[in-house]
Amino acid sequence: MKTKIDYFDYDTLLQPTDWRFAAAVVGLCKYFDYFGIDYKVLYDVEEKPDNYIHGFDGIIFKSEDITEEKYLEFAENYFEKYMTHKNILNILESQEFSEEQIKLVNDLVKSKTVLKGLFDKIKFDGTNKDIFISTIEENRAEIIKNIFKNGNNLYKNYCNERLIFTEDNSTCRLRGYNVDKDRKTSNLGFCFSKESFESNDILEFDFIPFAFSNSDMRETYFVNNNFSVKSLTQTNYAFSNQLSSTENKDDKNKLMLVLQNSKDYISYDVEIISKSQDKAYYETFFVRLERLKKLRELSGKSLNFVKKINDDYWFNLEKEVYMRCLNNVLLDDVILMMLKFYFDDNAGKGYIKSRTDMLIDINVSWKGNEIMDEIKSAKSCGFLTSKKLIEMKSSNKINSYKQKIISALCAHDYDRTKEIILSLSAYVGMEFSFFYTFLENAEENKDLAFAFASALSEASSKNNEENN
């Protein structure tokens with residue numbers, strides 16, 4: 001919440017009452033620190049402003065310290081590697097230029113509309129660098145503003161680029177919050193009355209892009225632990241640094257891996273805001289400490305398995321498990337998918353089986369470990385049954401029964417699952433001790449059937465003994 005105050009020489013208080021204001025606070029702190037501008041943290045001052053909101057920290061500052069000139073200078077520095085004109089100026093520091101450098105300068109000019117407009121009839125040839133340098137310096141503010149506001153991973157990803165550094169807007173400038181006022185807006189308000197629609201927008205929201213993590217990622221994140229300004233700034237700094245140092249993973253997997261290693265700065269329930277370049281809105285999810293602890297327990301598990309389902313979807317086991325862990329969702333559907341993958345022609349059956357067994361153990365542990373002994377029994381029964389079928393010269397029955405059990409489980413037909421297991425028990429002349437627990441409550445104890453089906457394998461008894 002932004003509040004006008006009369007507090008010594010300061011006139012503005014910004015408190016992180018929701019994620020937008022929290023992100024604005026983080027961005028503003030970076031801005032003030034960059035220029036060495038004086039501001040106060042609410043929790044650090046003994047005498048509080050008269051009209052502050054109790055229960056929230058905040059920053060106290062002078063509104064006159066926020067100027068467009070300083071804002072653009074800060075943006076140029078903060079997002080320096082995306083500032084094309086800076087790359088050009090760096091090249092032009094040379095005294096002599098190779099053909100590659102000359103071509104690079106001209107390509108960089110062509111890459112930005114604002115630069116093409118300024119150098120419309122001028123082409124860099126290696127002898128006219130002074131013209132390029134002077135033109136860039138004379139139009140530096142315009143260049144920065146255009147590059148920054150139109151960058152798909154910069155301001156444009158977070159806010160309506162037409163509203164940069166504007167005030168008194170009728171709707172919020174943020175993506176997903178902004179409404180085109182020239183189009184019909186009656187459906188926004190109560191009883192189709194646009195007068196009943198309320199929105200708030202402040203200039204300080206222009207600092208939100210500086211609060212989100214790593215702009216080189218297609219999906220960026222902001223951690224809204226608004227207990228204090230100190231926790232906000234320190235957590236997001238550490239979070240961003242860890243994301244930068246995590247390589248060879250997609251953005252979602254990077255997030256999961258960073259959360260696994262975040263115990264030094266996240267030790268409580270927290271809200272995380274994400275913004276993808278592929279979506280015109282922000283997304284929010286809550287990370288519960290209980291689930292975060294479960295996620296950290298997965299750090300030693302090998303969950304590397306990726307499979308193409310169709311042109312638009314790749315199944316990533318690690319990602320699926322991590323997201324379900326955070327969202328407090330069990331792994332039943334993932335286990336069933338892995339059991340079905342076992343029958344794919346090109347699948348590494350042993351590898352898939354080991355990952356499936358691991359998923360079953362994780363799933364049972366999330367449920368409370370009450371049937372872990374029965375799970376071991378089900379795996380043992382599956383192995384012994386496979387061995388017996390091989391001895392009976394009926395190894396073809398292994399996959400046949402395995403498929404029948406999996407199909408029944410996928411259909412959630414537990415009566416049919418019981419019939420198949422009983423039929424197999426009678427066929428091999430063995431008693432399955434785990435079956436009684438499964439019989440009592442098949443829905444609740446379905447992991448027993450998962451474990452038994454997974455253990456049914458044509459692999460040699462030697463390999464099975466090693467796995468069990």
Side-chain angles (χ1 to χ4, degrees), residues 255-257 259-263 266-272 285-305 316-342 352-384 405-406 408-418 420-422 431-456 467-468:
L255 173 64
M256 298 301 113
L257 290 172
L259 286 173
Q260 280 185 333
N261 298 289
S262 62
K263 60 183 179 181
I266 298 180
S267 55
Y268 35 74
D269 296 351
V270 73
E271 177 188 34
I272 294 180
F285 62 93
F286 291 89
V287 180
R288 306 295 183 188
L289 180 59
E290 176 189 354
R291 303 313 301 176
L292 197 54
K293 289 178 179 178
K294 296 290 185 185
L295 182 66
R296 288 166 183 161
E297 290 172 2
L298 296 176
S299 59
K301 308 289 185 182
S302 177
L303 298 168
N304 298 320
F305 179 80
N316 186 318
L317 179 61
E318 189 175 52
K319 183 177 178 179
E320 296 288 343
V321 173
Y322 287 172
M323 290 306 296
R324 281 164 176 74
C325 179
L326 284 182
N327 291 316
N328 198 18
V329 177
L330 295 173
L331 300 176
D332 297 348
D333 60 327
V334 181
I335 293 170
L336 286 172
M337 289 188 74
M338 292 295 289
L339 287 170
K340 288 189 289 184
F341 291 157
Y342 180 86
I352 290 176
K353 180 185 180 302
S354 66
R355 296 300 170 272
T356 306
D357 290 342
M358 184 183 299
L359 291 176
I360 294 168
D361 290 343
I362 293 171
N363 207 35
V364 173
S365 71
W366 287 359
K367 294 178 180 179
N369 283 314
E370 294 180 359
I371 59 169
M372 191 57 78
D373 290 339
E374 287 85 348
I375 290 291
K376 293 178 181 178
S377 173
K379 290 179 180 179
S380 177
C381 287
F383 159 64
L384 293 173
I405 295 172
I406 293 171
L409 289 170
C410 288
H412 304 287
D413 188 346
Y414 300 109
D415 288 337
R416 176 61 178 155
T417 305
K418 295 172 188 175
I420 296 167
I421 295 175
L422 280 173
E431 180 179 350
F432 299 151
S433 58
F434 74 90
F435 185 72
Y436 299 104
T437 303
F438 180 66
L439 198 62
E440 290 175 4
N441 192 330
E443 171 70 28
E444 183 177 326
N445 299 316
K446 66 181 78 172
D447 294 281
L448 294 172
F450 293 158
F452 180 71
S454 178
L456 291 173
N467 289 334
N468 286 276

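Interatomic distance, CH2 of W366 versus CG of L330, reported as 7.5 Å (0.5 Å rounding). Going from atom CG of D447 over to atom CG of L359 covers 10.5 Å, rounded to the nearest 0.5 Å. With values rounded to the nearest 0.5 angstrom, D332 atom CG is found 4.0 Å from K446 atom NZ. For the atom pair L326 CG and I272 CD1, the distance stands at 7.5 Å (nearest 0.5 Å). The CD atom of Q260 sits 10.5 Å away from the CG atom of L255 when rounded to the nearest 0.5 Å. Annotation: the span from M358 atom CE to I335 atom CD1 amounts to 12.0 Å, rounded to 0.5 Å.
For the pair N445 (side chain) and T437 (backbone), a donor-acceptor distance under 3.5 Å is present. In this structure, the side chain of S262 engages the main chain of L259 through a donor-acceptor pair within 3.5 Å.
No side-chain heavy atom of C381 sits less than 4.5 Å from a side-chain heavy atom of E431. When side chains are defined from C-beta on, F452 does not count as touching T417, because their heavy atoms never get closer than 4.5 Å. F432 is not listed as a side-chain neighbour of L422, based on a closest heavy-atom distance of 4.5 Å or more. F435 is listed as a side-chain neighbour of K418, based on a closest heavy-atom distance under 4.5 Å. Between F438 and I421, some side-chain heavy-atom pair lies under the 4.5 Å cut-off. Within the 4.5 Å cutoff, the side chain of L448 has heavy atoms near those of the I375 side chain. Contact annotation: the side chain of L409 approaches that of Y414 to within less than 4.5 Å [non-hydrogen atoms, C-beta and beyond]. Side-chain contact between I362 and L331 is present, with at least one heavy-atom pair separated by less than 4.5 Å.
With 3.5 Å as the limit, one finds no donor-acceptor pair spanning the side chains of S454 and T356.
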Tell me, with the steps shown, if Y322 and L303 meet side-chain contact (heavy atoms from CB on, under 4.5 Å). CA-CA 10 Å; Y322 287 172; L303 298 168; 4.1 Å; yes
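Scanning both residues, A455 and K353, for their nearest heavy atoms gives CA-CE, 3.9 Å. Smallest separation of non-hydrogen atoms from I352 and F341: CD1-O, 3.7 Å. When all heavy atoms of S377 and S433 are compared, the closest pair comes out as OG-OG, 2.7 Å.
Remark: Y436 OH is loosely packed, at most 12 non-hydrogen atoms of other residues, nucleotides or ligands lying under 6.0 Å away.
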Result block: side-chain N/O donor-acceptor pairs under 3.5 angstrom for residues 288-295, not counting sequence neighbours:
{"unit_1": "R291", "atom_1": "NE", "unit_2": "C325", "atom_2": "O", "d": "2.7"}
{"unit_1": "R291", "atom_1": "NH1", "unit_2": "N328", "atom_2": "OD1", "d": "3.1"}
{"unit_1": "R291", "atom_1": "NH2", "unit_2": "C325", "atom_2": "O", "d": "3.3"}

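For D413, the side-chain contact (heavy atoms from CB on, under 4.5 Å) test picks out A411, D415, R416, with sequence neighbours left out.
Tested against E320 for a side-chain contact (heavy atoms from CB on, under 4.5 Å), the candidates E318, M323, R324 yield a single pass: R324. Among the candidates K376, K301, K379, the single residue satisfying the salt bridge (charged side-chain N to carboxylate O under 4.0 Å, His left out) test with D361 is K379.
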